[in-house]
Amino acid sequence: MPSPYVVQRTGYSPRALALTFDDGPDAEWTPQILDILKRKHVPATFFVVGENALTQRSLLERMVAEGHEVGSHTYTHPNLATVSGRQVGFELNTTQRLFQAFTGRSLRLFRAPYFGDAEPSTADEIKPALEAQQRGYVSVGLHVDPDDWKRPGTAAIIDRTIAQVVEGSPERSANIILLHDAGGNRAQTVAALPVIIDRLQAMGYHFVPVSALAGLTRDAAMPVISSSDRVAAVADLALFSTLGGLVIGLRWIFGIAITIGILRALALSALALIQARRELRTVFPAIDPARFVTVMIPAFNEERVIVRAVEGVLASTDVVVEVIVIDDGSSDGTSQAVATAFAGDARVRLMTLANGGKARALNRGLAAARGDIVIALDADTQFEPLTIARLARWFDDPALGAVAGNAKVGNRVNLITRWQALEYITAQNLERRALARLNAMTVVPGAVGAWRLAAIRAVGGYPDDTLAEDQDLTIAIQRAGWTVQYDQFAIAWTEAPETLRALAKQRFRWAFGTLQCLWKHRSAIGRSQPRGLGWVGLPQAIVFQILLAAISPIIDLALLVSVATTYVAVSAHGWAQSSHDLQTMLTYWLVFTAIDLLAATIAFALERRERWRLLWLLIPQRIGYRQVMYYVVLKALAQALRGPMVGWGKLARTGRVTAPSGAE
């Protein structure tokens, strides 16, 4: 009677068995299986998945060299019964061309994923075999399947294999054994394999390649490619080698980045704790109420906040201050506001300049400063009453060039500013405290820092060739032999950008300025003077502020791809076969997150009067906020390659920052 399909089966041979392995090659399990087969002098047939073979050329070559056969198991292991004809072609042709490029041989044997039965009874079951046959492949089925991929236990794999082989008959041949060398943890399969071989051989069975059961020679199962195909194979080899290199490179980048990130978090936390313990034993210098300090406030269109900034400085206690407001060509009423509000106060002086940049404005202020200690205060920042006195108390040490204070976000009015508040606590201040322990601080922040006037003048004043003048100056004075200190109790409340656009604008300026500083002071890297800065401070800035931030989008993309592929694998293969990959991914993520939370918890514990409820924002910060940071670093790198300078890049002020009145 006519029928849609006629299936012809061959391969029954009493006492002849073929070992087959699906889903490989795998860098961990396939070599162990090959070692066992070599030791037992047993041939096998490996049905490889192309995407797994992409990075395992040496294993393919070893299989061929050691007398084994290789067949196609598609490129991405889909269910061919549910995909389009175009994808079937892609799956078969890509794996074929990869194998030809890597070994100089072709594939003729084929096993469809999810085939599972040598006796298909429905159209969707036979479709993959027909598609392969039309492309010149011989489909290889099986009747011995111990379900080793489910990991039922080594003993179960052995017993099921032996039992199914013994039950074979001409009507239901049991000549082909299905095992797996990839797709999860294959320790049970590796342990069972030598026992299976020994027991079956003891029962009178012998092992042959699949080709022998099909009446083919080994060269017919894996024919050497023709001379005309070798030209295409050379081009394919370059393509697949490049793709494989990229995959391996991404894995290494991901692994190295995660490892370095964890080690850095642990190191910063440990150093910060050591520094905190050291501070507990430190006798802080006494505050001298007669100490005279010059506070410079460079201003460009700061009409909204300038009066309050000056008033905040004048409200300082236990210190004598003068305030110099340097209006750098503002187009609003900045100068008029200062002149009106402080007309009768001799402590306040106003300088009005044509616009020339922040560095020039500060240097003009230095020329007019009467104090030996100077502070450059951003107009959007509010000091607590004792902050200036606390900064100034350290300058009894004649070697001290600058003191960095503790900057906090004062306008925590939305998610973006709260994320920044969290960053200041868990990243910037924790890092500053840790680097202070190693004498490796790279920046005294413009928001809160005091300088010895002589140290600034010794290095030629505020630099005007970088956008991060505070960082540039910090590095310069240390290279000139001055030391830098950190005082966590000298607190300033700064206004953070309240929109993503404003945040990106600010951080771009910071990132670009950091690049300029690192390039300008590159000769100090790896030098012994100052040792902490040259060996720790500058190198870690390059690695973590630039390089790691630049490759982090790739790491995040790799994580997203991993999540997507794991979901697809679980949907296709089931939980038992794919859970290993998911567990590995979750382990990495959980360890990294746990270390991150630990470091953040330590940072909060070391801070004063902080709101712990900010901690819950840490994980969403990693997902959303960090992308802005990655973007600005990449933009800064691109801008640095082009070379143009960038202006002030200042933010529109809201005036929402107020220093706590009850600060001590």
Side-chain angles (χ1 to χ4, degrees), residues 2-9 20 22-25 45-56 60 70-102 106-142 145 149 178 180 182-184 222 225 229 232-233 235-237 239-240 242-244 246-247 557-558 560-575 577-578 581-582:
S3 62
Y5 302 101
V6 176
V7 179
Q8 182 180 7
R9 177 169 56 83
T20 65
D22 283 8
D23 294 349
T45 303
F46 292 84
F47 290 92
V48 300
V49 175
E51 63 179 355
N52 292 339
L54 180 64
T55 58
Q56 302 298 332
L60 293 181
V70 181
S72 174
H73 200 43
T74 72
Y75 192 79
T76 63
H77 202 282
N79 187 339
L80 297 184
T82 63
V83 301
S84 66
R86 174 175 291 185
Q87 184 174 348
V88 171
F90 168 83
E91 295 287 340
L92 295 173
N93 293 337
T94 305
T95 304
Q96 180 73 262
R97 294 179 67 174
L98 181 146
F99 188 74
Q100 290 176 342
F102 282 175
S106 296
L107 298 171
R108 192 175 176 193
L109 302 178
F110 169 74
R111 176 177 283 157
Y114 314 103
F115 192 68
D117 192 339
E119 308 295 343
S121 57
T122 62
D124 64 322
E125 291 175 344
I126 195 59
K127 178 183 175 182
L130 179 61
E131 293 275 3
Q133 177 181 292
Q134 292 172 343
R135 289 171 169 81
Y137 292 91
V138 175
S139 290
V140 179
L142 59 117
D145 182 4
W149 60 274
L178 169 62
H180 295 79
M222 293 189 303
I225 61 176
D229 287 336
D236 289 341
L237 178 61
L239 173 62
F240 288 120
T242 301
L243 291 175
L246 288 174
V247 172
L557 179 61
L560 291 175
V561 170
S562 179
V563 171
T565 55
T566 300
Y567 173 78
V568 171
V570 170
S571 300
H573 302 281
W575 176 258
Q577 186 170 358
S578 307
D581 297 332
L582 183 60

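- The side-chain contact (heavy atoms from CB on, under 4.5 Å) search around Asn93 returns none, not counting sequence neighbours.
- Scanning all heavy atoms of the two residues, the minimum distance from Ala233 to Ala101 falls at O-CB, 3.7 Å.
- Taking OG1 of Thr55 as the reference point, atom CG of Leu246 lies at 12.0 Å (rounded to 0.5 Å).
- The line from CG of Asn52 to OH of Tyr75 is 9.0 Å long, rounded to the nearest 0.5 Å.
- Remark: Trp149 CH2 to Leu178 CG distance equals 10.5 Å, nearest 0.5 Å.
- The side chain to side chain donor-acceptor pair (under 3.5 Å) test applied to Gln100 returns Ser106, not counting sequence neighbours.
- In this view, Glu131 and Arg135 satisfy the side chain to side chain donor-acceptor pair (under 3.5 Å) rule, not counting sequence neighbours.
- For the atom pair Thr20 OG1 and Arg111 CZ, the distance stands at 3.5 Å (nearest 0.5 Å).
- For the pair Val49 and Asp23, the tightest heavy-atom approach, listed with the atom from each and the gap, is CG2-CA, 3.7 Å.
- With sequence neighbours excluded, no residue forms a ring pair (Phe, Tyr, Trp, His ring centres under 6.0 Å) with Phe99.
- For the atom pair NE2 (His73) and CD (Glu91), the distance works out to 11.0 Å, reported to the nearest 0.5 Å.
- Of all heavy-atom pairs spanning Ser72 and Phe47, the tightest one is O-CD2, 3.7 Å.
- Qualifying side chain to side chain donor-acceptor pair (under 3.5 Å) partners for Asp236, counting only residues two or more places apart in sequence or in other chains: Arg97.
- Leu107 contributes atom CG, which lies 4.5 Å from atom CD of Gln96 (distance to the nearest 0.5 angstrom).
- Between Leu92 and Tyr137 the shortest heavy-atom distance is O-OH, 3.5 Å.
- Looking only at distances, no side-chain donor or acceptor of His180 sits under 3.5 Å from a matching main-chain atom of Asp22.
- Judged purely by distance below 3.5 Å, without hydrogens or angles, the side chains of Gln133 and Ser139 never pair a donor atom with an acceptor atom.
- Smallest separation of non-hydrogen atoms from Thr45 and Gly71: CG2-N, 4.5 Å.
- Contact check for Phe102 versus Leu237: side-chain heavy atoms found under the 4.5 Å cut-off.
- Between Leu98 and Val48 there is no side-chain heavy-atom pair separated by less than 4.5 Å.
- Not a single side chain to side chain donor-acceptor pair (under 3.5 Å) links Thr74 to another residue, sequence neighbours left out.
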